[in-house]
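Data block below; observations after.
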Number of protein chains: 2
Amino acid sequence: MDMEKEKTLAFTLDPKSGVPYYKQIILQIEMAISDGRLVSGDQLPTVRGLAVDLRINPNTVARAYNELEIRGVVNTQQGTGTFISDKTISMTEVERERILAGLAREFIAKAQSYGFSKDDVLSFLVEEDPVKRNNQEVSDGDKKSTVFTH
Amino acid sequence: MDMEKEKTLAFTLDPKSGVPYYKQIILQIEMAISDGRLVSGDQLPTVRGLAVDLRINPNTVARAYNELEIRGVVNTQQGTGTFISDKTISMTEVERERILAGLAREFIAKAQSYGFSKDDVLSFLVEEDPVKRNNQEVSDGDKKSTVFTH
DNA sequence: TTGTATGTACTAATACTCTCATACATTGGG
DNA sequence: CCCAATGTATGAGAGTATTAGTACATACAA
């Protein structure tokens, strides 16, 4: 049964978090890709479907999908749907490095705005390996949660 | 032997950067602390003084100082001034680590959504090392000196 | 072709961020 | 006690970000 697989994507929104809805959606998709719940070719929920689920406007979901499309994370076809794209073909090595450099800069800057030094960040990353940690979202009711690794 | 320059702290603002003034001030103070131009007990410029220098409103400077105070980087006494804290008092090391872990997890997930592996990210960061800094060692020596002149 | 599912465009309402103007409160020295 | 220096409180204004309402466009299968 691939019932498990369906359960792994449970979007939730926290209105009190201060994080915009569309960004929460983006983050949850990134997490799902990061831990393998979403892989290339998978279809995302439709903008209307997810909008109804989350009780928000379809355009808000569309905005999240749009931003991901600009990044090349998903590709979208009007009338068909939005799908996780295959990143291995789309970018050259130079391009990839440029993007990674941008992400790194962005992250360092954000960490600094929280008062961390670059050294703080670097030494933390090499020591702690952050991805193994579990997440804090969801957990709103049923706890299937099969996918997150420890 | 060269006398060190006395101009320890020269705040500047870049209006075109898109970074809010109060954040630019925070960044510059953090940098000054991180490279030793500011140490525990040093007094920061007064909100009015710096505001005049930078041609902005005193409240904008105050906002920067406030945020630093919340983080425990400085402490403030009405009527007296704002000073670099003796130690970081407000947040525990555990708390700081928890926050950094969250930021890191988000960053890694985002990078992975672009198709980068965790190792891609780590090795990039270690190699590119935004700052190869080993010069924290007291280039200031006996330099407690006039951080600000009254 | 037609219908229904999909995403999209445009616009307006709302909420938030940043900065400033003005007035107020506290401290410490004379 | 005053006074001048310090930070603080409140609210207004402009600009931007976020979300929603409504109507439109495209794809695909019957």
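Residue numbers start from 1 in every chain, and the chains themselves are labelled A, B, ... in the order their sequence lines are given, proteins ahead of strands. Because only heavy atoms are used, hydrogens play no part in the values below, and waters and symmetry mates are left out as well, while side chains stay in. The model shown is predicted, which means the values in this text are computed figures rather than measured ones.
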Distance in angstrom units between [X] [atom1] and [N] [atom2], rounded:
X: A:Glu69; N: C:dT6; atom1: CD; atom2: P; value: 17 Å
X: A:Arg48; N: C:dG7; atom1: CZ; atom2: P; value: 8 Å
X: A:Ile70; N: C:dT8; atom1: CD1; atom2: C1'; value: 13 Å
X: A:Glu67; N: D:dA17; atom1: CD; atom2: C1'; value: 12 Å
X: B:Leu50; N: D:dA5; atom1: CG; atom2: P; value: 17 Å
X: A:Gln78; N: D:dC24; atom1: CD; atom2: C1'; value: 9 Å
X: A:Phe83; N: C:dT6; atom1: CZ; atom2: P; value: 10 Å
X: A:Asn75; N: C:dG7; atom1: CG; atom2: C1'; value: 13 Å

Short side-chain N/O contact to [N] OP1/OP2 from [X], under 4.0 Å:
X: B:Thr82; N: D:dG7; answer: yes
X: B:Tyr22; N: C:dC18; answer: yes
X: A:Lys23; N: D:dT18; answer: yes
X: A:Arg63; N: D:dT19; answer: no

Residues of residues 54-61 of chain B with a heavy atom under 4.0 Å from any atom of DNA chain C, listed by number, are B:Ile56, B:Asn57, B:Asn59, B:Thr60
Please give me the minimum heavy-atom distance between A:Arg96 and B:Tyr114, naming the atom from each residue. NH1-O, 4.3 Å
Among C:dC18, D:dG7, D:dT19, which nucleotide has an atom closest to any side-chain atom of A:Pro20? D:dT19
Kindly point out which of D:dA27, C:dT19, D:dT8 is positioned nearest to the side chain of B:Asn66? D:dT8
Distance alone, cut at 3.5 Å: any donor-acceptor contact between the side chains of B:Ser117 and B:Gln112? no
Give a yes or no on whether a salt bridge exists between B:Arg37 and B:Asp35, defined as a side-chain N under 4.0 angstrom from a carboxylate O. yes
Output yes when B:Arg71 and B:Glu67 qualify as a salt bridge under the 4.0 Å nitrogen-oxygen rule, no when they do not. yes
Does any N or O in the side chain of A:Gln77 come within less than 3.5 Å of the main-chain N or O of A:Thr82, such that one atom is a donor and the other an acceptor? no
Closest to the 5' end of DNA chain D, once A:Gln77 and B:Gly49 are matched to their nearest nucleotides, is B:Gly49
Atom pair OG (A:Ser85) and CG (A:Asp42), whose distance is rounded to the nearest 0.5 Å: 11.5 Å
Same cluster for A:Phe11 and A:Phe83 if Ile/Leu/Val/Met/Phe/Trp/Tyr side chains link at under 4.5 Å? no
